[in-house]
Amino acid sequence: MQLLLIHSDYIEYETKKQTPVAEKIEDSLKSGRLEEALTAFMAVESADETNPEETIGKAVSEIEKVASQVKTDRIMLYPYAHLSSDLSSPKVAVNVLKGIEAALSAKYEVKRAPFGWYKAFKISCKGHPLSELSRTIRPEGAAPAVCGEKVVVAEEKEEVVSEALKAEGTARSYWRILTPDGELHEIEGFDLSPYPKLQQFVDYEISKSRAVKEAPPHVELMRRLELADYEPGSDSGNMRYYPKGRLIKSLMENYVLDVASEFGAMEVETPLMYDMNHPTLKKYLDRFPARQYSIESDKRHMFLRFAACFGQFLMNHDMTISYKNLPLKMIEMTRYSFRKEQRGELVGLRRLRAFTMPDMHSLCPDMAQAVDQFMQQYKLCISVLDNMGIDLDDYEVAIRFTKDFYESNRDLVNSMVKTVDKPVLVEMWDTRFFYFVLKFEFNFVDALAKASALSTVQIDVENAERYDISYISPEGKAERPTVLHCSPSGAIERCIYALLEKAAMETEKGKVPMFPVWLSPTQVRIITVSEKHMEFAEKVSKRLGCRVDIDDRELSIGKKIREAGREWVPYVVVIGDQEVEEDTVNVTIRAESEQKKPMKVQMTPEELKERIRAETAGKPYKGLPLAEYLSERPKFL
RNA sequence: GCCUCGUUGGCUCAGCCCGGUAGAGCGAGUGACUUGUAAUCACUAGGUCGCGAGUUCGAAUCUCGCACGGGGCUCCA
């Protein structure tokens, strides 16, 4: 039996004409209406004939379950033959319907539309996630249907939902574990116990089991460290960034751009909003699983970009590109990309509605070079995350591809797994649902076992055609390139989230949390024992030549030390009489300290400077985001 | 979007069940102390109790609606 359940404001029907299999009914049943009802459209199938009683029982329990979820006690049973291409005999169907009606009548107000009539009906679907559900019910032992998936989309309430979002509900995929030896394993039976993080990721992706009571630890940290905060004056998922958060973000953004530039990508900038009715964009919207912000602008209907694809592809379309220019790479640091994620999905910095994402696209002449580029970019992503403080142990790899692609590119996929040298999760589609044939993501698994994607690369085989992008081949002919999408780090905010969650997990394990030195808002904090040491402190600050601040507040040494620790300052320098005399500094090195066991070292300012220089070599640098003297700093929280 | 819990000085929270002039700690300001490694002492200021409506002689407290946040569902780069 096929069941389609719609929670509706109302449902009404009116019989029009009998079919040859029509049941006889009284006039009172020729039309009907229910307010606030769960409507069950149903088609009884031939498989149900083997055991109609069982079908009735299962259908009743499904309907009751949904009725209680949506909290309604009115049910409309509506025979709807179009749900199946393999119907039962009318006699069985009527018996099953009557059986369901009888069983439900005890607890619910039930109406049943007559069987075998052409009927006009009106329904108003409520549109919440549980309001539209479909179920397939089969007696034990009956063979599963082999016909193609059916997508039934009830009338949506004005909301623009892309076809890709709808299709995703029906995409058929297979999950496997791929090990570095190139073997594909069924998930059931594969021993994941040596890989607890992968286990958590697999659970998250597949069984979708997640029971969490607390707020994720990064939410408190992002506020306590004065990095970022909610902005009630904006839409949910649009954050404010305080100076320290802005500094970290800015350094990360610059780092990714530097790396991309070195990799040969040209930085560009494209508009934030686009015309919803632009013919090319409309089609692309339908292929991307995201919800958009939309904006009414005079008579045009605009949407906010959710990536830089549009802008770059439209630019590519207008360009004259020779095969000599390939692979052609462009990058934009999208500040912002907008996605109107569902409200309940937004948490801290993990998932936002406005986020900063490096978006790089590479045009390749053919699949061979695309595959080569893909591997280079895969390695680039590993290196970028590593340099930002997120290493291979902190995330799990997911590789997704179509069956066809895998079969002709096993070597590529296997060498990806060898590169990370640990089992990865694989998802294989039997047909291509999306614009890509191959993609990977690095999924960070947080302190509460929730996973979210960071870096990703995808091989796109659709958009060159859609945007009419071409290059001129050596033979002088226009050819379609293959396009790669790459976000080397993933969303910048999400990288900050990952660092904070990682720090929280390390704190749990008894370690001392910190940011990489190149990202630390304060790299060295100078604390003076008394006012008379200020002059020397200022000299030391200049000699260090990095982000040094001076705690000149009238507080006890103990308190200043404690606060420097709470801010995760990597080097805390205390200056008193001894240091002034010896021209040295006493440094507490956070990276080498343990909880309650600080690592204190006496060294010259130049030694400390050299140490920091070595640790931050090759990374972007910016000055202090706040006043040098702590007494001059405002509090943001 | 749905369910559920929450919203009280800048921050963290008590008070709400059982309606009667709003409390603490931290932070801030001022003063004392001039300090050697995880919270120095004293005083002072600071509150439309998220917003709107209702019940009541009287609402932080009871009821309803809305906004924002946490968790769950759903969904997902």
Side-chain angles (χ1 to χ4, degrees), chain A residues 7 68-71 126-133 156-157 159 161 164-166 168-169 204-205 208-216 219-220 223-224 226 229-237 288-291 306-307 309 337 339-348 350-352 355 357 359 398 400 434 436 439-444 448 450-458 485-487 489-491 494 512 527-533 554-566 572-579 586-588 593 595-598 600 634-637:
Chain A
H7 187 207
S68 77
Q69 281 173 343
V70 301
K71 301 201 191 332
K126 284 184 174 293
H128 60 80
L130 288 174
S131 68
E132 302 159 52
L133 296 166
E156 301 279 346
K157 281 189 178 170
E159 193 193 1
V161 175
L165 261 193
K166 291 177 195 162
E168 208 150 282
Y204 188 84
E205 275 290 316
K208 313 277 185 189
S209 76
R210 41 203 93 152
V212 172
K213 289 190 186 71
E214 328 119 73
V219 175
E220 196 215 322
R223 291 164 47 87
R224 208 203 74 209
E226 292 192 321
D229 208 345
Y230 298 109
E231 176 48 79
S234 180
D235 189 24
S236 318
F288 198 92
R291 293 173 173 82
F306 43 80
C309 308
S337 286
R339 298 189 191 176
K340 206 158 187 319
E341 303 294 0
Q342 298 185 83
R343 184 73 214 304
E345 267 311 295
L346 307 168
V347 198
R350 187 164 99 96
R351 198 170 182 78
L352 296 168
F355 58 98
M357 181 179 61
D359 201 1
R400 305 173 202 248
F434 305 101
F436 53 82
K439 76 178 274 197
F440 78 82
E441 319 109 46
F442 294 147
N443 291 274
F444 181 82
L448 305 178
K450 298 209 173 199
S452 39
L454 294 169
S455 317
T456 180
V457 181
Q458 304 159 8
H485 300 242
C486 169
S487 187
S489 59
R494 200 172 265 186
V512 182
I527 293 171
T528 49
V529 173
S530 84
E531 257 172 67
K532 65 183 179 194
H533 306 114
E554 294 199 28
L555 298 170
S556 65
I557 305 288
K559 182 146 190 172
K560 292 183 187 179
I561 296 280
R562 176 185 148 86
E563 290 202 6
R566 280 174 61 85
V572 179
V573 165
V574 176
I575 286 175
D577 289 340
Q578 189 197 335
E579 284 73 24
N586 181 286
V587 188
T588 302
S593 299
Q595 282 181 17
K596 311 227 157 121
K597 272 190 255 167
K600 285 184 278 186
K635 282 207 157 51
F636 288 85
L637 282 174

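The chains referred to below are lettered A, B, ... by the order of the sequence lines, with proteins before strands, and numbering in each begins at 1. Both backbone and side-chain heavy atoms feed into the values below; hydrogens, waters and symmetry mates do not.
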In whole angstroms, how far is the P atom of C75(B) from the CD atom of Glu205(A)?
-> 12 Å
Lys532(A) meets the salt bridge (charged side-chain N to carboxylate O under 4.0 Å, His left out) criterion, sequence neighbours left out, with Asp577(A)
Out of curiosity, Lys560(A) NZ to Glu554(A) CD, how far, rounded to the nearest 0.5 Å?
-> 8.5 Å
Whole-Å gap separating P (G10(B)) and CD (Glu226(A)) = 16 Å
Distance-only donor-acceptor test, Arg339(A) side-chain atoms vs C76(B) base atoms, 3.5 Å = no
Look through every strand shown and name the nucleotide pairing with C43(B) as Watson-Crick or G-U wobble, where both distances are under 3.5 Å.
-> G29(B)
Could you check Met357(A) against Arg339(A) for side-chain contact (heavy atoms from CB on, under 4.5 Å), going step by step and ending with a plain yes or no?
-> CA-CA 12 Å; Met357(A) 181 179 61; Arg339(A) 298 189 191 176; 4.0 Å; yes
Interatomic distance at C1', C51(B) relative to A39(B), whole Å = 38 Å
Atom pairs under 3.5 Å, N or O on each side, protein against nucleotides 43-52 of chain B: can you list them with distances?
none

Please round to the nearest 0.5 Å and tell me the distance separating atom CD of Gln458(A) and atom NE2 of His485(A).
-> 6.0 Å
Looking across every strand, which nucleic acid part, if any, lies under 4.0 Å from Ser337(A) by heavy atom: base, sugar-phosphate, or nothing?
-> nothing
May I have the distance from Lys635(A) (atom NZ) to G29(B) (atom C1'), rounded to whole angstrom?
-> 12 Å
Between C49(B) and U35(B), how far apart are the P atoms? Round to whole Å, please.
-> 48 Å
C76(B) and A60(B): how far apart are their C1' atoms, nearest whole angstrom?
-> 40 Å
What residues form a side chain to side chain donor-acceptor pair (under 3.5 Å) with Thr456(A), not counting sequence neighbours?
-> none
Integer angstrom distance from the P of U12(B) to that of A59(B) | 28 Å
Please round to the nearest 0.5 Å and tell me the distance separating atom OG of Ser530(A) and atom CD1 of Ile575(A).
-> 11.5 Å
Under a 3.5 Å limit for both distances, which nucleotide forms a Watson-Crick or G-U wobble pair with C76(B), could you say?
-> none
Are Lys559(A) and C26(B) close enough that a side-chain N or O sits under 4.0 Å from OP1 or OP2?
-> no
Distance, C1' atom - from G31(B) to C68(B), rounded to whole angstrom | 41 Å
Calculate the interatomic distance between Arg350(A) atom CZ and G71(B) atom P; express it in whole Å.
-> 9 Å
Taking for Tyr230(A) and for Ala453(A) the nucleotide of RNA chain B with the nearest heavy atom, the one nearer the 5' end belongs to Tyr230(A)
Who pairs with Glu226(A) by side chain to side chain donor-acceptor pair (under 3.5 Å), at least two apart in sequence or on another chain?
-> none
Pairwise P distance for C66(B) and C3(B), with rounding to whole Å | 10 Å
Identity of whatever pairs with U37(B) - Watson-Crick or G-U, under 3.5 angstrom | none
Using the aromatic ring of Phe636(A) (for Trp, its six-membered ring), decide whether it stacks on the base of G10(B) within the limits of 5.5 Å and 30°.
-> no
Check: A38(B) base within 3.5 Å donor-acceptor of Arg566(A) side chain = no
Rounded distance [0.5 Å steps], CZ in Phe442(A) versus OG in Ser487(A) | 11.5 Å
Short question: side chain of Tyr230(A), backbone of Gly348(A) - any donor-acceptor pair under 3.5 Å?
-> yes
Return the value, rounded to whole Å, for the distance between atom OH of Tyr204(A) and atom P of U74(B).
-> 11 Å
To the nearest Å, give me how far apart CG (Leu346(A)) and C1' (C76(B)) are.
-> 11 Å
For Arg350(A), enumerate each residue passing the salt bridge (charged side-chain N to carboxylate O under 4.0 Å, His left out) test, keeping only those at least two apart in sequence or located in another chain.
-> none
Can you tell me how far the CZ atom of Phe444(A) sits from the CZ atom of Arg494(A), to the nearest 0.5 Å?
-> 11.0 Å
Dump every N/O contact between nucleotides 34-37 of chain B and the protein below 3.5 Å, one line per pair.
unit_1	atom_1	unit_2	atom_2	d
G36(B)	O6	Asp577(A)	N	2.4
G36(B)	O6	Gln578(A)	N	2.9
G36(B)	N1	Glu579(A)	OE1	2.8
G36(B)	N2	Glu579(A)	OE1	3.4
G36(B)	N2	Glu579(A)	OE2	3.0
U37(B)	O4	Asn586(A)	OD1	2.9

Which part of the nucleic acid, if any, lies within contact of Ala564(A), taking any heavy atom under 4.0 Å across all strands shown: a base, the sugar-phosphate backbone alone, or nothing?
-> nothing
G15(B) to U8(B) separation - C1' atoms, rounded to the nearest Å = 9 Å
Paired with C62(B): which nucleotide, if any, by Watson-Crick or G-U wobble criteria at under 3.5 Å for both distances?
-> G54(B)
If you measure from the P atom in G23(B) to the same atom in C5(B), how many Å do you get, rounded?
-> 30 Å
Figure out the CD/P separation between Gln342(A) and G70(B), and round it to whole Å.
-> 15 Å
Looking across every strand, which nucleic acid part, if any, lies under 4.0 Å from Arg223(A) by heavy atom: base, sugar-phosphate, or nothing?
-> sugar-phosphate
Let me know the distance between CG of Asn443(A) and C1' of A77(B), rounded to the nearest Å.
-> 9 Å
Across every strand shown, the nucleotide meeting Watson-Crick or G-U wobble geometry with U7(B) (both distances under 3.5 Å) is A67(B)
From Ile527(A) CD1 over to Ile561(A) CD1, what is the distance, rounded to the nearest 0.5 angstrom?
-> 4.0 Å
